[in-house]
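Heads up: the structure comes next, in structure tokens.
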Amino acid sequence: MDSLLQQIHRPTLQTIDIILIVTYLMLVTAAGLWFSRGVRSSKDFFLAGRSLPWWAVGMSLVVSDIGAKDMVGLAGDAYRYGIVMMNFDFIGCAFPVLVAAFLFMPFFWMAGVFTIPEYLGRRYNVYVRMIFALLWTMFMVGTLGTIFVSAAAMFNELLGWSFWFSVGVTAVMVGIYTTLGGLKAVVVTDAISCIVLIVGASLICIIGVVKAGGFTGMHETISQMDWTENHFRMVLPTDHSAYSWPSVLLGLGFVMGPAYWIGNQAIVQRTLGTKSQAHARASYLFCATLKLLFPVLLVVPGLIGLALFHEDLGRPDASGFDGNAVMPMLVSRLLPTGVLGIVMGAFLAGILSNLDSYVNSASTMVVNDFYRLFNPSRSDHHYLSVGRWLVVGFLAGGAALSYVVANHFTSVFEAFQVFLTLFQGPLLALLLLGMLTRRATAWGGFWGMTLGVCLTSCLHGAQFVLGEEYKISFLWVAWWSFVMAVTVTIVVSAFTKPYDRERLRGLVCWIPAEEEMSHE
Amino acid sequence: MNELFSVLLSAVPLADTSLWLGRAAFIAVYVVLAILLMLMPAKILGEGEGQPWWKSLRLWALGIIAVQISVYWYWG
């Protein structure tokens, strides 16, 4: 990574750039500290006292999903594959967000849970709850590693900071307000970050497209290359190795997207922090509306890089190609003074908002799905204190893992998706079967989850045991692990006894909770 | 395309069809979602009578779906 990045001319930050960056950092930290004043209980820390406005939650949802890893990673993958990468924000986001808003969110709201594993524990058993909490926590710490790598790549390129210094500074900045303020501080700072992110990403696109000769000029330049025949298609042929349309539709649209937007603690926790069900639904819709912009803002930079700098960056199949270098090259070569400060602010926004979201959610899950189970009678203040210390611990763990991510994956986006596929299929299978039918049993869910995750590990591990030619697209891995989990859960449930109707009240959509019935 | 991947792919009945079918499949997903939303009772969505149109979450959702269908129609 360093060799290509080192070839890129390092831009000089002018006074105006530094003022903009420092102003942004001070604004975010001050806002985070201001909103940390009212945190007195674990409910304040983990669910913001259920007082968050829908528009702030909607913006927070956007930047919890989109961050520096997406800006760096998607630009690289768009350079390699083209606009097919927009599917991650269209069929992989807009569709599941709408499904979550109208079908699933009201259900979690009525169940009155803090976390998704908590719901699974009540619906199936405590083992399912603990294993999923463990998997989510591992995923979140892995994701922290990818975010730290993105931060280090940008800081190294733009400021000349070393890898570990960049990681350390980032961890301290996020740690200050996330440790003190909990979810409310996270959501408020996310809303500020969302605006900065949109402005910064828009500036890269506008300046880049103009320099590439407009959309027409960019299209013509890219079309003349002999390896870009599918770069302007969102639906790719069935023999495409990475993003064939059946794998995108089934793996991304039907499994990974819904599992992420319906079962992701970092997402659901925000909507549970709103004032009412209507506000929670509105926050999802606002997020979906904003997310219509992001495929353009994140994918077009990759195409700009391809049109303007393909001679420096090279072909993706050539040795030494580094997808993570596309975005730093755009930033260093295209942006004038002043604009550079805003774009740096956007990167910082993406880094901070992603990091604070994941550490806050990981802390919430560990306290509620592990610590409380083994220490049920401690004071609320004690749980609050444990949650804060866990934030510090997760930041340290993510920083340590960033070294592994930087050395074992070709792109941070790929690393994130591989971590995600490890359990998204089984998670969605258990959520769907658990909500839709009372016949899914505790042991059916347990074995469905276990064998689904085992299959995922085998499919991902095939390339390491059998060779690179056995590498399977992570989208197919997600789909087949979902199919496996559904099948096993149904088969085992057929031979085991389900819970009785009263035990499942409020947990299965056909058996409403008492308060729902009294409303009707 | 490796051997194992081909075996897995062969289990998907739609895999050997053309790109236009792919585009149609993506659009169909959104059309089905739009129909479900339109049929959903107002009571479930918490929509009251006399509510201004711009406060209708159902309408906003249908707008997002319309954009998505247009995107897959043109760039699919």
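Throughout, protein chains are lettered first and strands after them, A, B, ... in sequence-line order, and every chain is numbered starting at 1.
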Say you draw a straight line from [atom1] of [X] to [atom2] of [Y]; how long is it, rounded to the nearest 0.5 Å?
| X | Y | atom1 | atom2 | result |
| --- | --- | --- | --- | --- |
| L36(B) | F102(A) | CG | CZ | 11.5 Å |
| N87(A) | Y72(B) | CG | OH | 3.5 Å |
| L98(A) | L33(B) | CG | CG | 5.5 Å |

With a 4.5 angstrom heavy-atom cut-off, is it the side chain or the backbone of [X] that approaches chain B, or both, or neither?
| X | answer |
| --- | --- |
| L236(A) | backbone |
| I91(A) | both |
| F254(A) | side chain |
| A278(A) | backbone |
| L285(A) | both |

Note to self: At a 4.5 Å cut-off on heavy atoms, which part of L37(B) comes close to chain A: side chain, backbone, both, or neither?
What the structure shows: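 Only the side chain of L37(B) comes within 4.5 Å of chain A.
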
Next item on the list: Let me know if L57(B) has heavy atoms under 4.5 Å from chain A in its side chain, its backbone, both or neither.
Entry: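 For L57(B), backbone and side chain are both near chain A.
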
Next item on the list: Can you sort out the partners of S276(A) under side chain to side chain donor-acceptor pair (under 3.5 Å), two or more places apart, ordered by chain and number?
Entry: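 Here no residue qualifies.
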
Item checked: Full working for side chain to side chain contact (heavy atoms under 4.5 Å, CB included) between F26(B) and W245(A) -> CA-CA 9 Å; F26(B) 280 86; W245(A) 72 259; 3.9 Å; yes

Margin query: Show the nearest heavy-atom pair for residues L249(A) and A25(B), with the distance to one decimal.
Written below: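 Taking every non-hydrogen atom into account, CD2-CB, 3.7 Å.
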
Next item on the list: Show your reasoning for whether side chain to side chain contact (heavy atoms under 4.5 Å, CB included) applies to W75(B) and R233(A).
Entry: CA-CA 6 Å; W75(B) 286 285; R233(A) 280 183 170 280; over 6 Å; no

Note to self: Using side chain to side chain contact (heavy atoms under 4.5 Å, CB included), reason through F95(A) and Q68(B) one step at a time and then give a plain yes or no.
What the structure shows: CA-CA 9 Å; F95(A) 167 66; Q68(B) 288 288 278; 5.9 Å; no

Next item on the list: Mark yes when over 12 heavy atoms from residues, nucleotides or ligands other than F215(A) sit less than 6.0 Å from its CZ; otherwise mark no.
Entry: no

Notebook entry, point to check: Is the number of heavy atoms from other residues, nucleotides or ligands within 6.0 Å of CH2 (W20(B)) greater than 12?
Noted result: no

